[in-house]
Enquirer: 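Here it is, the structure in full.
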4 protein chains.
Amino acid sequence: MPPRVTARPPRNQPRQSRSRATFELILDAAVRIFEREGADAATTSRVAEVAGVSVGTLYQYFANRDAILDALQDREFERATQMMQRVLSVAGPASEREVARSVVVELLRLYRAAPALHRILALEGLRVTPPERVLAFDLRVVGIIKNFLLLEPARIRPKQLDTAAFVIYQSVRATMLAYLLESPAGVDDAVLVSELTELIVSYLVER
Amino acid sequence: MPPRVTARPPRNQPRQSRSRATFELILDAAVRIFEREGADAATTSRVAEVAGVSVGTLYQYFANRDAILDALQDREFERATQMMQRVLSVAGPASEREVARSVVVELLRLYRAAPALHRILALEGLRVTPPERVLAFDLRVVGIIKNFLLLEPARIRPKQLDTAAFVIYQSVRATMLAYLLESPAGVDDAVLVSELTELIVSYLVER
Amino acid sequence: MPPRVTARPPRNQPRQSRSRATFELILDAAVRIFEREGADAATTSRVAEVAGVSVGTLYQYFANRDAILDALQDREFERATQMMQRVLSVAGPASEREVARSVVVELLRLYRAAPALHRILALEGLRVTPPERVLAFDLRVVGIIKNFLLLEPARIRPKQLDTAAFVIYQSVRATMLAYLLESPAGVDDAVLVSELTELIVSYLVER
Amino acid sequence: MPPRVTARPPRNQPRQSRSRATFELILDAAVRIFEREGADAATTSRVAEVAGVSVGTLYQYFANRDAILDALQDREFERATQMMQRVLSVAGPASEREVARSVVVELLRLYRAAPALHRILALEGLRVTPPERVLAFDLRVVGIIKNFLLLEPARIRPKQLDTAAFVIYQSVRATMLAYLLESPAGVDDAVLVSELTELIVSYLVER
DNA sequence: AATGAATGAGAATTCATTCAT
DNA sequence: AATGAATGAATTCTCATTCAT
């Protein structure tokens with residue numbers, strides 16, 4: 001059995017494969033409910049039911065309800081970081097605009113897989129995830145952006161890269177989420193991607 | 001007695017002064033709780049208690065719990081719109097950058113008064129407020145931004161002003177709220193204001 | 001102002017015409033709500049509203065909610081008694097069957113005017129009306145039936161007329177109520193009236 | 001766990017013995033409260049309390065308050081049907097009067113166990129129980145009466161047996177309940193039984 | 001380890017009744 | 001007398017969590 005996940009760490013993820021599988025099963029069940037039945041439907045019993053385990057078992061893996069959200073936050077952090085690393089490392093000789101566009105496209109893919117989840121994480125994440133972990137994630141994002149931009153430092157506008165990364169991350173995330181959740185008239189994927197790309201490039205890169 | 005506010009219309013705001021006062025008292029209580037105790041603490045009983053009225057009275061003014069959030073949404077819509085109108089009308093011969101900066105500054109003032117509330121509104125607003133009212137607000141914001149930018153149409157970059165307004169509104173709002181709620185290291189009001197101003201100008205105005 | 005009606009007597013009805021009118025207005029409002037909106041809708045506020053007076057005024061006439069039901073019980077008792085007296089006194093040289101039929105017809109008219117009310121009276125009447133008043137009504141009914149039957153005592157079957165009157169009153173009332181509320185298939189007014197007439201005659205009159 | 005009883009179907013009764021016991025425990029508690037404290041006292045909390053379980057458990061067995069009444073209706077339907085079947089099947093070479101008397105006696109026994117409950121069922125039953133189930137019961141009663149009377153069809157008076165069954169069932173039921181709940185002077189069990197027997201026989205059987 | 005019945009605190013909401021105006 | 005805003009006890013129902021099996 002993996003160590004029980006408390007909202008505040010005991011940090012390590014479960015390692016044994018059987019446990020790990022159940023752990024992921026529960027997270028996936030929660031996500032499925034968020035997306036299909038709404039946040040209110042995600043009671044612990046319902047999550048257990050959809051995961052195909054008993055409530056008792058659920059509580060073997062998660063100290064309490066919030067711990068599920070916390071683990072989901074973590075998983076999304078992880079996915080986003082890996083995605084960025086992958087995209088940026090592959091970049092090669094591409095222009096900033098092309099790289100930025102790729103990140104936007106991949107992030108949209110990530111969010112579209114579970115927009116309701118991401119709304120809930122935005123809404124509840126801060127309450128549920130210890131600030132130091134949010135910070136840790138932020139730092140990784142900043143680091144990755146830095147890494148990318150510093151390749152040609154001459155062309156980067158902002159003095160405070162940390163702040164800029166913060167601004168651009170919040171902007172892209174919120175716009176994407178609002179787009180997925182509100183379906184504003186006259187915006188489609190193509191428009192969104194190009195506008196967000198423009199937002200990033202025009203803000204980050206020296207004109 | 002003002003007409004009870006339902007989540008879906010009965011639209012008109014209360015008019016008599018005593019009633020109006022109680023109405024606002026309840027809204028203010030809700031905001032205070034959001035800020036100090038978190039969204040979950042804002043039970044109808046607690047709101048009534050903090051407002052210094054009985055639950056019964058609260059329900060005389062609001063059809064249900066969500067109607068409170070709905071009324072808050074409305075109030076903030078109103079405040080934001082008035083602020084923008086004020087700032088932009090006063091603008092006179094200022095540069096785009098100066099006007100943008102003023103809007104950012106004023107919006108920061110508005111949000112700082114109740115950041116938790118604004119995060120809830122940003123993420124829950126759609127659930128409680130009828131989409132047509134959210135849309136009406138969006139259109140007003142877009143209209144105001146348009147009005148401003150069209151003064152010198154040659155210099156505006158985006159083709160689709162509606163989309164641009166959507167993107168920039170979401171971006172500024174989310175960044176500001178994240179700043180207020182997460183207090184990221186190395187960012188202060190001055191930095192935030194200038195970065196957001198830069199974000200707006202570099203995105204909206206032809207380079 | 002008429003003396004306030006308590007669930008337990010202060011017995012006398014209001015006498016002044018204005019008061020009396022308001023009193024009846026409130027009773028009628030209650031009945032209208034029972035019939036059109038169901039028993040649950042008959043809150044004191046709604047009754048006052050439909051009656052066109054304020055709750056405060058309602059409480060000037062009725063000590064509490066139950067007092068309204070009590071007064072309605074009384075009014076129906078009165079109407080039923082008067083109806084029976086009228087029908088039986090007019091009887092003249094009619095056969096028992098004809099008289100019984102008339103009573104059934106008139107009672108059906110009375111119940112049909114407010115079936116929901118009569119259901120509620122059957123359900124709540126005993127709780128709300130002091131037993132001595134229920135008894136008093138019963139005695140009047142028995143008296144009337146006696147009066148009628150004693151004209152030709154030879155033909156009456158039962159030894160205990162009180163018991164018989166009780167049995168027949170309960171039977172007719174319940175059947176009529178069930179008919180009006182359940183609309184059982186295959187029964188219409190004509191069938192009901194003739195079957196109830198048959199029930200009365202075959203039970204009461206010596207074969 | 002037995003399937004939760006909804007006012008509208010999930011029809012099947014609980015089967016496992018422990019569950020079944022709890023289920024019955026709750027029903028019995030409700031009955032006890034109806035009889036001793038009145039219908040209004042039968043709040044879900046009070047029922048749970050008297051049953052010696054928590055409210056939560058009560059709601060594990062009953063979808064809502066009305067479902068309790070619905071289940072009681074069902075149980076009484078069952079008991080009444082079984083009783084009639086038993087009595088009528090045993091009948092043998094008895095006269096109609098003797099059979100009718102037996103039914104009355106047994107019904108009185110049934111009702112005396114819980115007269116308040118039976119009044120509530122008589123008057124509220126339709127509200128909580130789906131009409132098709134009420135109908136199903138009615139049909140069984142009619143069938144049983146038919147069965148009995150058709151032994152010697154020549155002697156049955158009514159043309160419409162369904163209507164007659166409806167009339168006689170309502171009459172006997174109401175009279176019996178009024179007797180149990182109002183204890184009218186001068187009536188005792190013996191008198192009641194013989195009068196109701198007379199009512200049945202004189203109404204149903206050709207004179 | 002897994003199960004799921006039982007728990008009970010706590011939430012939203014209603015409505016009879018009062019009383020200051 | 002009449003008004004109707006305010007009160008708050010009481011009700012239904014939910015759901016995170018526990019623990020005996």
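Computation of the quantities below employed the complete heavy-atom set of this structure, encompassing side-chain atoms and omitting hydrogens, waters and symmetry-equivalent molecules. In this text, all values refer to a predicted model and were calculated from it rather than measured experimentally.
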Enquirer: Atom OH of D:Y61 to atom P of F:dT14: distance rounded to whole Å?
Expert: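 Spelled out: OH on D:Y61 to P on F:dT14 is 17 Å.
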Enquirer: Run through DNA chain F and report every stem of 3 or more consecutive Watson-Crick or G-U pairs, distances under 3.5 Å, ordered by first number.
Expert: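 Ordered by first number, the stems with DNA chain F (at least 3 consecutive pairs each) read E:2-21 with F:2-21.
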Enquirer: Kindly point out which of E:dT13, F:dT14, F:dA16 is positioned nearest to the side chain of A:Y59?
Expert: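 The closest nucleotide is F:dA16.
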Enquirer: Rounded to the Å, how far apart are D:N64 CG and F:dT11 C1'?
Expert: 13 Å
Enquirer: Rounding to an integer number of Å, can you tell me how far C:Q60 CD sits from E:dT17 P?
Expert: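 After rounding, the reported distance stands at 15 Å.
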Enquirer: Checking all strands, does A:T43 fall into the base, sugar-phosphate, or nothing category for heavy-atom contacts under 4.0 angstrom?
Expert: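 Contact class for A:T43: sugar-phosphate only.
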Enquirer: Should the pair D:R75-D:E78 be classified as a salt bridge under the 4.0 Å nitrogen-to-oxygen rule?
Expert: no
Enquirer: Which residue lies toward the 5' end of DNA chain E, B:A42 or A:V53, if each is placed at its nearest nucleotide?
Expert: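 Here A:V53 is the residue nearer the 5' end.
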Enquirer: Round to a whole Å and report the spacing from CG of A:D66 to C1' of F:dC15.
Expert: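 My rounded result for the distance is 14 Å.
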Enquirer: Rounded to the Å, how far apart are C:L58 CG and E:dT18 P?
Expert: 12 Å
Enquirer: B:I68 CD1 to E:dA11 P: how many Å, rounded?
Expert: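 Rounding to the nearest Å, CD1 of B:I68 and P of E:dA11 are 14 Å apart.
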Enquirer: Can you tell which of F:dA2, F:dA5, E:dT7 lies closest to the side chain of C:V55?
Expert: F:dA5
Enquirer: Quickly work out the D:F62 CZ to F:dC13 C1' distance and round it to whole Å.
Expert: 15 Å
Enquirer: Spell out, as yes or no, whether a donor-acceptor pair under 3.5 Å connects the side chain of B:R32 to the backbone of B:V47.
Expert: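 Not at all, since once roles are kept as given, no pair shorter than 3.5 Å links the two residues.
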Enquirer: Phosphate oxygens OP1/OP2 of F:dC13: is one of them under 4.0 Å from a side-chain N or O of D:T44?
Expert: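 No, outside the criterion.
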Enquirer: Without decimals, in angstroms, what is the distance between D:R65 CZ and F:dA10 P?
Expert: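 Nearest whole value for this atom pair: 16 Å.
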Enquirer: If each of D:D40 and B:G52 is mapped to the nucleotide of DNA chain F with the nearest heavy atom, which maps nearer the 5' terminus, i.e. the 5' end?
Expert: B:G52
Enquirer: From D:D28 CG over to D:I33 CD1, what is the distance, rounded to the nearest 0.5 angstrom?
Expert: 11.0 Å
Enquirer: Anything under 30° is parallel, anything over 60° is perpendicular, the rest tilted; go ahead and classify C:F23 against C:Y61.
Expert: tilted
Enquirer: Yes or no on side chain to side chain contact (heavy atoms under 4.5 Å, CB included) for C:L126 and D:R119, after CA distance, side-chain angles and deciding distance?
Expert: CA-CA 11 Å; C:L126 212 65; D:R119 187 185 46 175; 3.6 Å; yes
Enquirer: Given C:T129, which of C:D66, C:D74, C:D70 fulfils the side-chain hydrogen bond (donor to acceptor under 3.5 Å, both in side chains) condition?
Expert: C:D70
Enquirer: On DNA chain E, nearest-nucleotide positions of B:G56 versus A:T57: which is more 5'?
Expert: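 Nearest nucleotide further toward 5': that of A:T57.
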Enquirer: State the CG-CZ distance between D:L121 and D:F34, to the nearest 0.5 angstrom.
Expert: 7.5 Å
Enquirer: What's the closest nucleotide to the side chain of A:S54 if the choices are F:dA1, E:dG4, F:dT7?
Expert: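 Within the option list, the nearest is E:dG4.
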